[in-house]
There are 2 protein chains.
Amino acid sequence: MKRDSRLSIVLHGLLHMQAQGKPMTSAELALCMDTNPVVVRRTMAGLRENGLVSSEKGHGGGWTIARPLAGISLLDIHESLGEPDVVGFSNKDESPGCLIERAVNRELDAAMDEMRAVFTARMRAITLADIWDSVREPFNAHHNYRKDHPDDA
Amino acid sequence: MKRDSRLSIVLHGLLHMQAQGKPMTSAELALCMDTNPVVVRRTMAGLRENGLVSSEKGHGGGWTIARPLAGISLLDIHESLGEPDVVGFSNKDESPGCLIERAVNRELDAAMDEMRAVFTARMRAITLADIWDSVREPFNAHHNYRKDHPDDA
DNA sequence: CTATCATGAAACAAATAAAGTTACATGAAA
DNA sequence: TTTCATGTAACTTTATTTGTTTCATGATAG
C-alpha cells in the first residue's frame, strides 16, 4: 500500500453501480473491487456529501448514482475525495530561509503546478459517461445489441 | 515524512557545493540541508554512479560536482535517483480481468502518462546552471558585483 | 413489534515507504 | 599511526494508505 488508489477504486465502483441498474450494497461493491465494505463506505462518503451518490439503509438499501453520468466529471470525483495531491514528490521545506533552497523550490513548484494543471484539465474533460461508453463499445461491436443496459431505457 | 523529497534535497546540496567552490563533506551538507550525513551519502550515491559528482575520502575529502553545471539537467539528477514515480496516485490493480476496471485504468494511465511527460520535458530543459543563475540574479542586482563567485574565474 | 439488513462511524491493526540514526569497515591524508 | 571522511548495512521512527473489528443507527419485511 503505497500510492493513493481511491480514485481508481471509486471509478470502478461507480461504473459497476451503473451496470447494475439498482442499488448496490457496500458488501457487493467490495466483492467487485476486491476490497472491504468499510473501505467502500469510507471512500463513497465524500461523494455522498457532494451529491454525486446517495445511500439508503435497510432492506433493499445500498448505493445509487444520484446524477446523470454525463454530469459527473472525474474532477468532481477527485474533489469529493478531498483533492489529494496528485504529485508524488515535494520540497523538503516549503518556506526555507536559504536563498538557494528557495530557487530550487521555485523550479520544482513550477513543475508540480504544471503537472497538477495537466491532471485537472484532463479530469475536468472526462465524465463518467465517457468511460461508460468506452466499456460498452467493444461489447456493442461484438453483439450489435444494446437494449439490456439501464441507460438505454 | 510523506512525499519523496530527494530531488529537492539533492538540488539544494549540489548548489551549495557550487557556492562553496571546494569539496564539502557529508556533515557540512547535512547541516545546510537540515538532514543527516548518511542521508546525504545515500542520496548522492546514485549521482556518483552516473558521474555527476565525485567523492573523496580522508582529509580534505568530500563531494565535488564532476561536470559543468550547464551539462547537468534536472532529468539527469532524477534518473540518478532511480527515477522514482512522480505521480502520486495509482490504479488499484494494474492488470485486472474486469472490463470496467480496464476502462478506468486506460483513462487514469493516460492522465498519469501526460503528467510524467510534462515532468520529464521540464526536467530535461532545466540545468543546474539555470537555477544557479536564478540564485545569483537578485544578489547581482543588489550588489552589482560578481567577481567573488567561483564560476566567474 | 421485532428481527434482519444496511449504512455510519470510531478505533485499531497491517503494510509500505521515506527519512533518520547507529555502528563499523575502508581508505586517504596529515 | 592517528584522524578524517566516505561506504554500507541494519535498525528505528514517522507518515500514509488500506484493511479490519465493533457497535450504533435507521429502514424494511414479516
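In what follows, every chain begins at residue 1, and chains take the letters A, B, ... in the order their sequences are listed.
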I need the CD-C1' distance between A:E28 and C:dA6, as an integer number of Å.
11 Å
State which of C:dC5, D:dT18, D:dA5 makes the closest approach to the side chain of A:S5.
D:dT18
Within the side chain of A:R122, is there an N or O that forms a donor-acceptor pair under 3.5 Å with the backbone of A:L74?
no
Whole Å only: how far is the NE2 atom of A:H59 from the C1' atom of C:dT7?
14 Å
How about B:E79: does its CD atom have over 12 heavy atoms from other parts shown lying under 6.0 Å from it?
yes
Taking for each residue the nucleotide of DNA chain D bearing the nearest heavy atom, is the 5' side occupied by A:E56 or by A:D34?
A:D34
Check every atom of C:dT7, C:dG20, D:dT3 against the side chain of A:K92 and return the nucleotide holding the closest atom.
C:dG20
To the nearest Å, give me how far apart CG (A:L7) and P (D:dT18) are.
11 Å
To the nearest angstrom, the CD1-C1' distance between A:I9 and D:dT17 comes to 9 Å
Hey, which sits more toward the 5' end of DNA chain C by its nearest nucleotide, A:S55 or A:G58?
A:G58
Going by atom types only, do B:S54 and B:W63 share a side-chain donor-acceptor pair under 3.5 Å?
no
D:dT21 pairs with, by Watson-Crick or G-U criteria that keep both distances under 3.5 Å:
C:dA10
Rounded interatomic separation in angstrom, taking CG from A:D85 and P from D:dA15:
17 Å
Anything under 3.5 Å between a protein N or O and an N or O of nucleotides 20-22 of chain D, put it in a table, one pair a line.
unit_1	atom_1	unit_2	atom_2	d
D:dT20	OP2	A:N36	ND2	3.1

Side chain to side chain contact (heavy atoms under 4.5 Å, CB included) filter on A:A129, not counting sequence neighbours, yields A:L69, A:A70, A:T127
Which is true for A:G62 with a 4.0 Å heavy-atom rule: it touches a base, it touches only sugar-phosphate, or it touches nothing?
sugar-phosphate
Can you check the B:R48 CZ to D:dA5 C1' distance for me, whole Å?
12 Å
Testing B:V53, B:I65, B:N50 one by one against B:I72 for a side chain to side chain contact (heavy atoms under 4.5 Å, CB included), which residue passes?
B:I65
Given atom CZ of A:F89 and atom P of D:dT16, what is their separation to the nearest angstrom?
17 Å
Looking at A:S26, I'd like to know whether one of its side-chain N or O atoms comes within less than 4.0 Å of OP1 or OP2 on C:dA6.
no
Checking the side chain of A:E28 only, and the main-chain atoms of A:T25 only, is there a donor and an acceptor separated by less than 3.5 Å?
yes
Looking only at heavy atoms, the pair that brings B:S73 and B:R124 closest together is CB-O, 3.8 Å
Gap between atoms CE and P, on A:M33 and D:dT17 respectively (whole Å)
17 Å
